[in-house]
Amino acid sequence: MSADDSTPAAPAGSKAETLGPRPEPLRFFGTTWLNHDNGYTGRRIAVAVGSLAAAVASCLVLRLAYQGLQIAAIGDFVTVLMVAMFAICGVLAFRHTWDGYTRRPDPDRQASLRGLLTVGFVGSLLAYFFRSLTEAPGEKLHREEYEEARKQYEKRTTRRSGNPKNRRRA
C-alpha cells in the first residue's frame with residue numbers, strides 16, 4: 001500500500017502498472033480526489049479546519065509581534081510599515097496560492113517569490129482554507145491534467161495502423 005493514498009500500489013513491471021496514466025497524489029489527499037473515496041470528505045473537513053486554525057494561530061502570533069512593537073515604542077512609521085508589509089504580502093500570497101490551484105506555477109517565479117510567500121503565509125493559509133471548502137486544493141488542475149493524459153493515452157492505444165499486410169517489408 002502507498003503511504004499517502006491508502007490504495008494498493010501496482011507492483012513494478014506488472015500489467016496494472018502499464019494500463020495508462022496514474023493520477024498525481026495531492027498533499028493530505030493522496031489519490032482519493034479522483035473518485036472522492038477512502039475518507040475524502042473527512043480529509044477535506046480536516047484540511048479546512050486545520051488551515052483555518054493555523055491561520056488564526058498565525059494571526060495571534062502576528063498580534064503579539066504588533067504588541068511587541070508597541071511596547072518597544074519604535075515609532076508609528078515603523079509600525080505602519082510592518083503592518084502594511086504583512087497585509088500586502090498576505091494579499092499577494094493569497095492571490096499567488098489561489099492561482100496555483102488552477103494552473104501550474106512557473107518554477108522561476110515561484111523561487112523569486114519565496115520570501116514574499118513566507119512573509120504572507122497567512123494569505124496562503126486562508127487561500128488553502130477557502131479552496132478546501134469546495135474541493136481538495138489543486139483537485140481541479142490535477143483532474144484536468146489527468147483527464148487530458150487519459151484522452152491522450154486512449155488516443156494512442158486505439159489508433160489503428162491500417163492493414164498489416166500492406167506494410168512494406170524492410
Side-chain angles (χ1 to χ4, degrees), residues 1-66 86-159:
M1 289 196 132
S2 179
D4 61 345
D5 63 359
S6 304
T7 58
S14 71
K15 189 174 182 178
E17 182 183 50
T18 60
L19 290 179
R22 296 192 53 145
E24 186 177 342
L26 290 173
R27 179 180 291 155
F28 304 123
F29 294 93
T31 57
T32 62
W33 60 267
L34 186 62
N35 298 320
H36 294 184
D37 58 356
N38 293 332
Y40 172 82
T41 304
R43 291 178 192 211
R44 263 200 35 219
I45 291 169
V47 162
V49 169
S51 59
L52 184 61
V56 168
S58 300
C59 287
L60 291 175
V61 170
L62 290 177
R63 171 82 175 149
L64 289 174
Y66 177 78
F86 277 106
I88 292 170
C89 289
V91 168
L92 292 173
F94 180 93
R95 181 64 183 183
H96 180 76
T97 304
W98 191 264
D99 287 344
Y101 297 137
T102 56
R103 59 181 150 77
R104 294 275 180 183
D106 177 33
D108 294 332
R109 184 169 185 259
Q110 184 82 8
S112 68
L113 291 177
R114 186 164 299 153
L116 180 132
L117 295 174
T118 302
V119 172
F121 63 98
V122 175
S124 292
L125 289 170
L126 289 174
Y128 203 82
F129 167 72
F130 286 119
R131 182 57 81 160
S132 65
L133 294 177
T134 58
E135 67 175 9
E139 178 181 343
K140 182 179 177 185
L141 173 66
H142 283 72
R143 188 172 302 282
E144 289 171 356
E145 291 174 350
Y146 177 70
E147 288 175 0
E148 181 61 30
R150 291 291 301 174
K151 283 182 197 173
Q152 294 297 324
Y153 175 76
E154 294 296 326
K155 188 176 177 182
R156 283 192 312 270
T157 57
T158 58
R159 187 180 302 159

Working to the nearest 0.5 Å, report the span between [atom1] of [X] and [atom2] of [Y].
X: Ser51; Y: Leu125; atom1: OG; atom2: CG; answer: 7.0 Å
X: Phe121; Y: Leu62; atom1: CZ; atom2: CG; answer: 4.5 Å
X: Leu126; Y: Ser58; atom1: CG; atom2: OG; answer: 9.0 Å
X: Glu139; Y: Glu144; atom1: CD; atom2: CD; answer: 11.0 Å
X: Leu113; Y: His96; atom1: CG; atom2: NE2; answer: 5.5 Å
X: Lys155; Y: Glu148; atom1: NZ; atom2: CD; answer: 8.5 Å

* Asked: Under 3.5 Å, is there a donor-acceptor pair between the side chain of His142 and the main chain of Gly138?
  -> yes
* Side-chain donor or acceptor of Arg22 paired with backbone N/O of Thr31 under 3.5 Å -> no
Considering non-hydrogen atoms only, spot the tightest contact between [X] and [Y] and give its length.
X: Tyr101; Y: Ala127; result: CE1-O, 4.0 Å
X: Leu116; Y: Cys89; result: O-CB, 3.9 Å
X: Gly120; Y: Ala93; result: O-CB, 3.0 Å
X: Val119; Y: Phe86; result: O-CD2, 3.5 Å

* Using ring-ring contact (aromatic ring centres under 6.0 Å, His included) as the criterion, list what pairs up with Tyr40, not counting sequence neighbours. => Phe29, His36
* Within a radius of less than 6.0 Å around CZ of Arg150, do more than 12 heavy atoms belonging to other residues, nucleotides or ligands occur? -> yes
* What residues form a salt bridge (charged side-chain N to carboxylate O under 4.0 Å, His left out) with Arg103, not counting sequence neighbours? -> Asp99
* **Phe94 and Val91, any side-chain heavy atoms less than 4.5 Å apart** => no
* Report yes if some heavy atom in the side chain of Asp37 is under 4.5 Å from a heavy atom in the side chain of Thr32; otherwise report no. => yes
* To do: Before accepting this row, confirm whether a basic side-chain N of the pair Arg131/Glu135 lies closer than 4.0 Å to the acidic partner's carboxylate O.
  => yes
* Asked: Does the distance from a Lys or Arg side-chain N to an Asp or Glu carboxylate O, for Glu24 and Arg104, drop under 4.0 Å?
  -> yes
